[in-house]
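For reference, the structure is listed below as structure tokens.
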2 protein chains.
Amino acid sequence: MGKMTNIALIEDDIELKELLEKYLNFQDDFNVVLSVVSAEDFFEEFKQIEKIDILIMDIGLPGISGIDALPKIKQHLPHTEIIMLTVHDDSEKVFQSLRRGASGYLLKNTPLDKIKESIEQIFAGGSPMSPNIARKIVEFFNPKQIEGQKELSTREKEIVVALVDGLSYKLVADRLDISIDTVRQHIRSIYRKLNVNSKAEVISKSFKGEI
Amino acid sequence: MGKMTNIALIEDDIELKELLEKYLNFQDDFNVVLSVVSAEDFFEEFKQIEKIDILIMDIGLPGISGIDALPKIKQHLPHTEIIMLTVHDDSEKVFQSLRRGASGYLLKNTPLDKIKESIEQIFAGGSPMSPNIARKIVEFFNPKQIEGQKELSTREKEIVVALVDGLSYKLVADRLDISIDTVRQHIRSIYRKLNVNSKAEVISKSFKGEI
DNA sequence: CATGATATCGCATAAAAATGCTATATGCTA
DNA sequence: TAGCATATAGCATTTTTATGCGATATCATG
């Protein structure tokens with residue numbers, strides 16, 4: 001037998017919580033060591049547990065939300081991998097969870113065997129992600145056009161990426177192997193298309209998905 | 001019978017190409033309508049195909065690379081969903097592919113039945129992604145802690161917010177009702193604490209949650 | 001084949017940002 | 001209380017950015 005994986009659950013839907021508990025405990029190498037219905041309960045009890053490898057938690061919890069609890073949990077348990085299991089599929093919640101340290105993001109319609117698979121993926125250095133969540137992320141990297149805003153060319157998008165990386169004109173030129181004057185020219189076109197007149201605005205728009 | 005899904009392949013590994021072709025054609029509702037070994041061949045032949053729903057392509061192709069071919073393909077076939085199937089798992093290639101319009105990203109060790117599943121996920125509005133690839137993305141959103149990064153003061157955080165809003169020093173001074181020299185001074189402190197030396201880097205860090 | 005979008009490069013200049021140095025006042029804390 | 005971080009402000013200089021103007025070449029589209 002391999003080593004046991006210790007799992008904790010925070011889930012206020014009692015039915016789902018018990019189902020998960022039973023299913024995971026039924027697996028040979030999984031062991032549910034803590035199962036609570038709120039973040040508050042978790043903070044009260046987690047210190048009594050020797051080791052938590054995986055925490056599966058909801059977002060829509062009573063009291064402290066799952067997202068707000070994330071930083072505090074990661075602070076106390078930096079080596080625990082956290083999987084969000086939730087009905088929320090809006091980009092804001094997804095990105096917030098990831099920024100605050102979640103390693104995976106599953107929708108509640110995920111079948112039990114896929115949840116098991118997700119835990120195994122974590123140990124294989126992967127990040128389990130429901131396909132619909134992954135789509136949000138893909139859209140972040142390749143946002144849809146804003147109405148009335150002109151499409152940037154491939155080269156212009158590359159320039160934007162470089163600006164977002166914090167590069168100066170000189171370094172952009174080096175990365176793309178073009179002259180600094182050409183960089184200037186592209187940036188001019190970008191400013192015109194986006195109706196801005198500073199790098200700062202381009203970077204902000206990029207992060208806000210407005211490009 | 002449901003409607004047929006038309007699939008195209010660009011894969012220079014002949015063995016894999018033929019295996020995929022056979023496997024996908026064997027499925028009831030899949031139909032491999034084009035199967036070539038290079039981007040050049042694809043551009044020559046794709047116009048003869050009435051409809052391509054899904055394109056599965058490699059990155060490491062002879063001649064034009066898969067990544068370089070992406071924008072041109074999306075331009076001609078904006079409604080074709082593209083899945084990258086490749087051995088490359090470095091962040092740069094992953095992000096480049098996504099920025100250039102790929103809808104999914106699978107590693108070559110993906111089993112055939114998972115590839116089939118991925119195609120179905122695309123039609124369900126999802127983005128198939130190997131777990132190891134998803135991990136790269138998660139790390140993008142939650143970068144590792146920068147060692148010895150100092151906490152910003154309240155005033156400094158206000159300045160950061162103003163910079164993120166795309167304001168110039170002058171406008172920051174106006175908003176906070178302080179002199180432009182004081183703004184400079186605060187920004188100096190911010191740069192020192194964050195180990196950067198441009199507005200662009202501050203804004204990026206802010207969006208990435210590194211502040 | 002003309003037109004427009006893209007991609008490249010150069011020169012010049014004004015505006016903004018980055019940095020070096022100095023200085024005063026306040027509040028916290030070791 | 002001496003030291004430290006914060007918040008304020010000024011001046012000078014260098015570097016980077018923003019913008020105006022001009023130019024050539026390619027490619028796709030009408």
Side-chain angles (χ1 to χ4, degrees), chain A residues 145 148-206 211, chain B residues 39-40 43-44 46-47 64 68-78 100 148-206 211:
Chain A
Q145 274 319 110
Q149 181 150 294
K150 292 198 190 91
E151 167 94 42
L152 296 191
S153 72
T154 305
R155 200 53 156 173
E156 286 161 355
K157 283 179 187 166
E158 284 173 347
I159 301 260
V160 169
V161 171
L163 295 185
V164 168
D165 286 345
L167 272 51
S168 66
Y169 286 21
K170 165 109 187 62
L171 290 177
V172 176
D174 286 351
R175 178 189 284 192
L176 301 184
D177 202 28
I178 53 179
S179 86
I180 194 167
D181 279 308
T182 301
V183 174
R184 282 190 230 276
Q185 187 51 51
H186 283 304
I187 286 176
R188 247 181 275 240
S189 307
I190 293 167
Y191 286 3
R192 183 172 33 76
K193 287 184 181 176
L194 303 184
N195 289 311
V196 301
N197 56 350
S198 72
K199 281 194 344 182
E201 290 166 278
V202 172
I203 296 170
S204 287
K205 271 187 183 276
S206 171
I211 294 183
Chain B
E40 287 87 340
F43 287 126
E44 238 176 62
F46 82 91
K47 278 177 190 159
I64 301 173
D68 289 336
L70 263 175
K72 205 168 164 191
I73 295 175
K74 281 305 271 190
Q75 188 190 337
H76 285 103
L77 303 168
R100 293 176 178 208
Q149 179 147 302
K150 293 195 188 97
E151 175 85 14
L152 297 191
S153 72
T154 308
R155 198 53 154 175
E156 286 161 355
K157 283 177 187 163
E158 284 173 342
I159 302 261
V160 170
V161 171
L163 295 185
V164 168
D165 286 345
L167 302 186
S168 65
Y169 285 22
K170 167 105 188 64
L171 290 178
V172 176
D174 287 351
R175 177 190 283 191
L176 301 183
D177 201 29
I178 52 180
S179 87
I180 193 168
D181 280 307
T182 300
V183 173
R184 280 191 232 276
Q185 189 49 54
H186 283 304
I187 286 177
R188 246 183 274 240
S189 307
I190 292 167
Y191 286 3
R192 183 171 34 77
K193 288 185 181 175
L194 302 184
N195 288 311
V196 302
N197 55 350
S198 73
K199 284 198 335 185
E201 290 166 277
V202 173
I203 296 170
S204 285
K205 273 186 182 272
S206 171
I211 294 181

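To find a chain, count down the sequence lines: A is the first, B the second, and so on, and within it residues start at 1. In what follows, every heavy atom counts, from backbone to side chain, and hydrogens, waters and symmetry copies are set aside. Just so we're clear, the structure is a prediction, and the values are computed from it rather than from any experiment.
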Checklist entry - If you look at every strand shown and take non-hydrogen atoms under 4.0 Å, does B:T182 touch a base, only sugar-phosphate, or nothing? => result base
Checklist entry - Which part of the nucleic acid, if any, lies within reach of A:K170 when heavy atoms closer than 4.0 Å are counted: base, sugar-phosphate only, or nothing? => result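 If one applies the 4.0 Å heavy-atom cut-off, A:K170 turns out to touch nothing in the nucleic acid.
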Checklist entry - Nearest heavy-atom pair of A:L194 and A:K205: which atoms, and what distance? => result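 Result for this residue pair: O-CE, 3.7 Å.
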Under 4.0 Å from OP1 or OP2 of [N]: is there any side-chain N or O of [X] that close?
| X | N | result |
| --- | --- | --- |
| A:K193 | C:dT6 | yes |
| A:H186 | C:dT6 | no |
| B:S189 | D:dT6 | no |

Item to check | 5' priority, DNA chain D, between B:S198 and B:R184 [closest heavy atom] | outcome: B:R184
In whole Å, what is the span from the [atom1] atom of [X] to the [atom2] atom of [N]?
| X | N | atom1 | atom2 | value |
| --- | --- | --- | --- | --- |
| A:N197 | D:dT16 | CG | C1' | 15 Å |
| A:D181 | C:dA12 | CG | C1' | 10 Å |
| B:L163 | C:dA16 | CG | C1' | 13 Å |
| B:Y191 | C:dT19 | OH | P | 7 Å |
| B:R188 | D:dC11 | CZ | P | 14 Å |
| A:Q185 | D:dA25 | CD | P | 17 Å |
| B:E156 | D:dT8 | CD | P | 10 Å |
| B:I187 | D:dA7 | CD1 | C1' | 14 Å |

Nearest of [options] to any side-chain atom of [X]?
| X | options | value |
| --- | --- | --- |
| A:Y169 | C:dA7, D:dA7, D:dA18 | D:dA18 |
| B:I178 | D:dA7, D:dT6, D:dA9 | D:dA9 |
| B:R155 | C:dC9, D:dA7, D:dG10 | D:dA7 |

Any donor-acceptor N/O pair, [X] side chain to [Y] backbone, under 3.5 Å:
| X | Y | value |
| --- | --- | --- |
| A:S204 | B:D165 | no |
| B:K199 | B:G166 | no |
| A:Y169 | A:D181 | no |

Checklist entry - Should A:L176 and A:V183 count as side-chain neighbours, where that means a heavy-atom distance under 4.5 Å? => result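 The answer is no; the side chains never approach within 4.5 Å.
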